[in-house]
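As the structure lists them, so they are numbered: ligands from 1, and atoms in each ligand from 1.
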Amino acid sequence: MERIPEPELMLSEEQARAYATADFSAPHQMFVDLFRKHFGPHLTGTVLDLGCGPADISVRFAKAYPQCIIHGLDGSPAMLKYGIKRVAAEGLSQRIKLILGKIPEFSLPSHYYHAVIVNSLLHHLPEPLILWETIKKTARKGAPVLVMDLIRPQDQREAREIVEKYAAGEPDILKRDFYHSLLAAFRPEEVREQLKRAALEHFQIEIVSDRHFIVYGHL
Ligand SMILES: C[S@@+](CC[C@H](N)C(=O)[O-])C[C@H]1O[C@@H](n2cnc3c(N)ncnc32)[C@H](O)[C@@H]1O
């Protein structure tokens with residue numbers, strides 16, 4: 001099945017509310033645990049969370065790495081509104097700064113970040129190379145990088161099955177977005193090609209669930 005891109009930013013209030021209130025604890029905790037597995041339990045400095053959405057991963061990461069400051073960037077004001085509320089409710093406003101901005105237009109500091117983390121942004125991008133180029137531009141030399149995203153299923157039937165397996169009880173808008181995200185996602189072999197084009201061949205790709213892959217490595 002060919003990739004069917006979906007709208008890049010998650011701009012609608014209804015969409016942002018459904019996403020912010022859904023339970024992503026299993027994949028999001030897995031993301032933080034995988035970072036710890038590959039890069040260890042100690043990290044200090046400033047971490048960039050690209051496409052941070054309602055900041056659930058920023059919050060989990062800040063708790064797991066108490067010496068870190070997190071900068072979360074997202075192009076959707078609706079998503080960031082939920083993120084700002086969440087960060088305040090967690091008492092983390094001193095350590096997590098959320099920034100409204102869209103890559104690649106938004107100007108982020110060069111070679112500044114001690115780590116870059118990205119969950120479920122790649123499949124939103126019409127041009128995936130933008131993600132890899134942004135990581136190369138913003139991360140310090142040697143910084144750990146972890147990207148997790150969905151794997152595009154073989155066909156639409158398999159995509160529907162995954163939605164029913166993991167989101168059966170969720171609102172229709174979330175199920176619809178999840179389905180479109182699966183169709184817009186990349187296959188690991190396509191990501192391998194992207195990494196080659198971005199001169200990041202040394203990054204590893206690993207399939208970590210029936211619907212997720214990760215890319216990880218030091219810049
Ligand atoms: C599926 S959500 C993932 C949110 C968060 N990373 C998480 O795991 O919960 C994807 C987010 O990426 C944002 N996004 C999409 N394209 C973007 C871009 N070019 N620059 C910044 N944010 C973008 C969307 O607005 C949305 O909030």
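Heavy-atom neighbours of His42 NE2 from other residues, nucleotides or ligands within 6.0 Å: at or below the threshold of 12.
Note on Glu90 versus Arg86: salt bridge recorded, some NZ/NE/NH1/NH2 to OD/OE distance being below 4.0 Å. Here Glu189 does not pair with Arg192 in a salt bridge; the nearest charged N to carboxylate O distance is not below 4.0 Å. A salt bridge links Lys136 to Glu133: at least one charged side-chain nitrogen sits closer than 4.0 Å to a carboxylate oxygen.
Here the shortest heavy-atom distance to atom 20 (N) of ligand 1, taken over Ile117, Ile103, Leu122, Asn119, belongs to Ile103.
Taking distance alone, with nitrogen or oxygen atoms compared against 3.5 Å, Asp74 approaches ligand 1 more closely than that limit. At least one N/O-N/O distance between Tyr19 and ligand 1 falls below 3.5 Å. Not one N or O of Met79 is nearer than 3.5 Å to an N or O of ligand 1, by distance alone. Close N/O approach between His123 and ligand 1 is not found [any backbone or side-chain N/O within under 3.5 Å]. Checked by distance only, ligand 1 and Met10 come closer than 3.5 Å through their nitrogen or oxygen atoms. When only interatomic distances are considered, the shortest N/O to N/O separation between Asp49 and ligand 1 does not fall below 3.5 Å.
A heavy-atom separation below 4.0 Å is not found between Phe106 and ligand 1. Under a 4.0 Å heavy-atom criterion, Gly101 is in contact with ligand 1. At least one heavy atom of Leu125 sits less than 4.0 Å from an atom of ligand 1. Taking 4.0 Å as the cut-off, Leu121 counts as a neighbour of ligand 1 on heavy-atom distance.
With Phe31 as the aromatic partner, Arg60 does not meet the cation-pi criteria of under 6.0 angstrom to the ring centre and within 45 degrees of the ring axis. Judged by the 6.0 Å and 45° rule, Lys85 forms a cation-pi pair with Tyr82.
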Checklist entry - Step by step, would you call Phe61 with Phe35 a ring pair (Phe, Tyr, Trp, His ring centres under 6.0 Å)? => result CA-CA 9 Å; Phe61 200 91; Phe35 189 95; 4.9 Å; yes
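Here the heavy atom of the protein found nearest to atom 16 (N) of ligand 1 is Glu8 CG, 3.2 Å.
Near His28, with a cut-off below 4.0 Å to any heavy atom, the atoms of ligand 1 are 7 (C), 8 (O), 9 (O).
Classification of the Phe203-Trp132 ring pair by plane angle, with boundaries at 30° and 60°, yields perpendicular.
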